[in-house]
Amino acid sequence: MGFGDLRAASGLKVLNGFLSERSYIEGYVPSQADVAVFDSLSGAPSADLVHALRWYHHILSYSQRSSLPGVKKPLGQYGPPGLADTTSGSAPSAPEEEDDDIDLFGSDEEEDEEAERLKEERLAQYAAKKSKKPTIIAKSSLLLDVKPWDDETDMKQLEALVRSISMEGLLWGQSKLLPVGYGIQKLQINCVIEDDKVGTDMLEEQITAFEDFVQSMDVAAFNKI
C-alpha cells in the first residue's frame with residue numbers, strides 16, 4: 001500500500017484519485033491516518049486535484065491535529081494496494097546505537113535527577129495554574145444562501161450534500177427553501193461555527209465543490225455569539 005511519492009505530482013494524482021471515493025484516508029471521521037498523509041505533503045495540492053485539495057483544506061482546519069483519534073502509522077500502510085511509499089523523508093529514522101564507551105569525565109547523576117525533579121514540579125504548577133483559567137471559545141451564527149443552477153436541481157439532495165460537510169467547530173441548524181424566481185428555489189440554512197476553526201471562505205469552498213448542484217453560496221447574515 002502507498003501513494004508513491006506524495007511530494008511529487010504523480011503521488012498527488014494517486015492521492016486525488018483515492019479521495020475521489022472517500023472523505024478520509026481511513027474510516028468516516030478524520031484521524032491520525034489523515035495527519036500522517038497531511039504532514040507528508042510539501043503544501044496544498046494544485047487546483048485541478050479537486051478531491052485532494054478539498055481534503056487538504058478540511059484537515060488544515062483542525063488547529064490541534066494531534067488530538068485526532070487513532071495511531072499514526074508509516075505512510076506505506078495507507079493508500080491503494082499495489083503501490084509503495086517513496087515519499088522522501090517519510091521513512092522513520094533508524095534508532096541511534098547506544099554508545100557503550102566509558103565516559104572518562106563521569107557525570108553527576110544526582111544533579112541531573114534534581115534538575116529533572118524541579119522541571120517536573122514547574123510543569124505541574126504551570127499546568128495547574130493554566131487549568132484554572134476559563135477558556136472562552138468565540139463562536140458565530142451564520143445564515144447561508146445556497147443557490148442551485150436551475151429549477152431541475154434536486155434540492156433535497158443539495159441540502160443533504162451541504163449537511164454532509166463535517167469539520168471540527170461546525171454545527172448545522174435549521175433550513176428552509178425560499179423562492180428565487182422562474183420556479184427556482186434557494187436553500188437557506190443556519191450553522192454555528194467556532195471562529196478559530198472554521199471560516200466562511202472554507203465553507204464556501206466546500207459547498208461550491210458540489211458543482212453539479214450548487215451555483216453559488218452567499219452569507220445572508222453573520223452574528224457573533
Would you give the length of the straight line joining atom OG of S141 to atom CD1 of I193, rounded to the nearest 0.5 angstrom? 9.0 Å
By side chain to side chain contact (heavy atoms under 4.5 Å, CB included), which residues pair with R117, not counting sequence neighbours? E114, E121
What side-chain donor-acceptor pairs closer than 3.5 Å can you find for residues 171-187, not counting sequence neighbours?
| residue | atom | partner | partner atom | Å |
| --- | --- | --- | --- | --- |
| W172 | NE1 | I165 | O | 3.0 |
| S175 | OG | E159 | OE2 | 2.6 |
| S175 | OG | R163 | NH2 | 3.3 |
| K186 | NZ | D145 | OD2 | 3.0 |

Say you draw a straight line from CG of D154 to CG of D212; how long is it, rounded to the nearest 0.5 Å? 12.5 Å
Closest contact, heavy atoms only, F213 versus L161: CD1-CD1, 3.5 Å
Can you confirm whether more than 12 heavy atoms, excluding those of K224, are under 6.0 Å from its NZ atom? yes
Indicate the atoms forming the closest heavy-atom contact of H51 with S20, along with that distance. CD2-CB, 3.4 Å
Can you sort out the partners of Y56 under ring-ring contact (aromatic ring centres under 6.0 Å, His included), two or more places apart, ordered by chain and number? F38
Could you list the residues that satisfy side-chain hydrogen bond (donor to acceptor under 3.5 Å, both in side chains) with R22, not counting sequence neighbours? none
S42: partners by side chain to side chain contact (heavy atoms under 4.5 Å, CB included), with sequence neighbours left out: R7
Could you check W55 against D34 for side-chain hydrogen bond (donor to acceptor under 3.5 Å, both in side chains), going step by step and ending with a plain yes or no? CA-CA 9 Å; W55 167 85; D34 298 280; 2.8 Å; yes
Should L41 and T87 count as side-chain neighbours, where that means a heavy-atom distance under 4.5 Å? no
Atom CD in Q206, atom OG in S61: separation rounded to 0.5 Å? 7.0 Å
Under a 3.5 Å distance rule, please check whether D150 uses its side chain to pair with a backbone N or O of E152 as donor and acceptor. yes
Worked verdict on D48 versus N16 for side chain to side chain contact (heavy atoms under 4.5 Å, CB included): CA-CA 9 Å; D48 59 314; N16 185 68; over 6 Å; no
Taken in chain and number order and not counting sequence neighbours, the residues that satisfy ring-ring contact (aromatic ring centres under 6.0 Å, His included) with H58 are Y24, Y62
Near K197 NZ, under 6.0 Å, is it more than 12 heavy atoms from other residues, nucleotides or ligands? yes
Ring pair (Phe, Tyr, Trp, His ring centres under 6.0 Å) contacts touching residues 3-23 (sequence neighbours left out): F3-F18
Can you name the side-chain hydrogen bond (donor to acceptor under 3.5 Å, both in side chains) partners of K147, sequence neighbours left out? none
Taking the side chain as every heavy atom from C-beta outward, state whether M202 and M167 have any atom pair closer than 4.5 Å. yes
Nearest heavy-atom approach of S40 to L75 is OG-CD1, 3.0 Å
Quiz question: by atom type and distance under 3.5 Å, do the side chains of S140 and D195 form a donor-acceptor pair? yes
Taking every non-hydrogen atom, the tightest pair across N190 and L142: ND2-O, 3.1 Å
Going by the rule side-chain hydrogen bond (donor to acceptor under 3.5 Å, both in side chains), which residues pair with D39 if we only count those two or more places apart in sequence or in a different chain? K72
So does L68 get a backbone contact from the side chain of Q32, meaning a donor-acceptor N/O pair under 3.5 Å? yes
Heavy-atom closest pair (I59 atom, P30 atom, distance to 0.1 Å) is CD1-CB, 4.2 Å
With side chain to side chain contact (heavy atoms under 4.5 Å, CB included) as the test, would you mind laying out the steps for V14 and L6 before giving the verdict? CA-CA 9 Å; V14 174; L6 283 171; over 6 Å; no
What do the steps show when you test F210 against S164 for side chain to side chain contact (heavy atoms under 4.5 Å, CB included), and what is the final call? CA-CA 11 Å; F210 302 116; S164 71; 3.9 Å; yes
Sidechain-backbone polar pair: T153 side chain, M155 backbone, donor-acceptor under 3.5 Å: no
Could you walk me through whether L15 and L19 pass the side chain to side chain contact (heavy atoms under 4.5 Å, CB included) test, one step at a time? CA-CA 6 Å; L15 176 64; L19 291 169; 3.8 Å; yes
Here the pair of heavy atoms bringing E168 nearest to V198 is O-CG2, 3.4 Å
Just jot down the side chain to side chain contact (heavy atoms under 4.5 Å, CB included) partners of M217, sequence neighbours excluded, or say none. L144, V146, E204, I207, T208, V219
What pairs with A221 under side chain to side chain contact (heavy atoms under 4.5 Å, CB included), at least two apart in sequence or on another chain? L143, N223
Are V35 and L60 co-members of a hydrophobic cluster defined by side-chain heavy atoms under 4.5 Å apart? no
Report the residues that fulfil ring-ring contact (aromatic ring centres under 6.0 Å, His included) with Y78, sequence neighbours left out, ordered by chain and then residue number. none
Contact check, side chains of P148 and V214, non-hydrogen atoms, under 4.5 Å: no
